[in-house]
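All values below were derived from every heavy atom in this structure, side-chain atoms included, with hydrogens, water molecules and symmetry-related copies excluded.
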Amino acid sequence: MKSFAHFLLILILAYVAGMVLPWWSAPLSAFLITVMYPLRPGKAFFNSFLSVFILWLVLAFYQDVRNDHLLANKMSMIIMQVKSAPLLGVISAFLGGLVSGFAGLTAAYLRSARKPVATA
């Protein structure tokens with residue numbers, strides 16, 4: 001349950017922050033939520049990655065449908081030389097998820113590094 005709450009908080013904060021801040025607000029959201037609500041490093045990476053990946057994929061699909069796939073098709077032709085709007089959305093969502101996953105992983109490792117070491 002803690003893992004799902006972590007996932008949902010990152011998703012909501014990244015969406016709200018993305019309304020007023022640039023793209024890096026999603027990794028910042030993943031970092032802040034993971035610092036406040038710690039998880040093990042593997043789960044922190046996976047939750048951060050998945051929440052931003054899903055958010056950016058849904059937002060890219062929504063914007064793509066709104067402009068009838070015109071911009072995404074042209075951008076995919078320029079960048080990848082393939083006319084595939086969904087592939088462009090998946091690649092951008094993957095990159096955003098990867099950066100956010102590493103931000104969550106960094107926060108998890110920072111939390112574990114601050115724990116005092118027990119002495120004998």
What's the spacing between His6 NE2 and Met36 CE if we round to 0.5 Å?
->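 That separation rounds to 9.0 Å.
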OG1/Thr106 to CZ/Phe45 distance, rounded to the nearest 0.5 angstrom?
->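 Between atom OG1 of Thr106 and atom CZ of Phe45 there are 10.0 Å.
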Can any side-chain N or O of [X] pair as donor or acceptor with the backbone N or O of [Y] at less than 3.5 Å?
X: Asn73; Y: His69; value: yes
X: Lys74; Y: Lys83; value: no
X: Ser76; Y: Val82; value: yes
X: Arg111; Y: Pro38; value: no

Does Leu71 belong to the same Ile/Leu/Val/Met/Phe/Trp/Tyr cluster as Met80, with side-chain heavy atoms less than 4.5 Å apart forming each link?
->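 Per the 4.5 Å side-chain linkage, Leu71 and Met80 are co-clustered.
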Would you mind writing out the side-chain donor-acceptor pairs for residues 12-32 within the sub-3.5 Å range, not counting sequence neighbours?
residue: Ser25; atom: OG; partner: Pro22; partner atom: O; Å: 2.9
residue: Ser29; atom: OG; partner: Ser25; partner atom: O; Å: 2.6

Could you pull out the closest heavy-atom pair between Ala108 and Thr34, with the gap in Å?
->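 For Ala108 and Thr34, the tightest heavy-atom pair comes out as N-CG2, 3.8 Å.
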Any side-chain heavy-atom pair from Leu39 and Lys2 closer than 4.5 angstrom?
->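 Sidechains of Lys2 and Leu39: in contact.
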Scan the side chains in residues 90-101 for donor-acceptor partners under 3.5 Å anywhere in the protein, sequence neighbours excluded, and list what turns up.
residue: Ser92; atom: OG; partner: Leu88; partner atom: O; Å: 3.3
residue: Ser92; atom: OG; partner: Gly89; partner atom: O; Å: 3.0
residue: Ser100; atom: OG; partner: Gly96; partner atom: O; Å: 3.0

Under 3.5 Å, side-chain donor or acceptor atoms of residues 46-59 against the rest of the protein: list the pairs with distances, not counting sequence neighbours.
residue: Asn47; atom: OD1; partner: Ser3; partner atom: OG; Å: 3.4
residue: Asn47; atom: ND2; partner: Ser3; partner atom: O; Å: 3.1
residue: Asn47; atom: ND2; partner: Ser3; partner atom: OG; Å: 2.8
residue: Ser48; atom: OG; partner: Ala44; partner atom: O; Å: 2.8
residue: Ser51; atom: OG; partner: Asn47; partner atom: O; Å: 3.0
residue: Ser51; atom: OG; partner: Ser48; partner atom: O; Å: 3.2

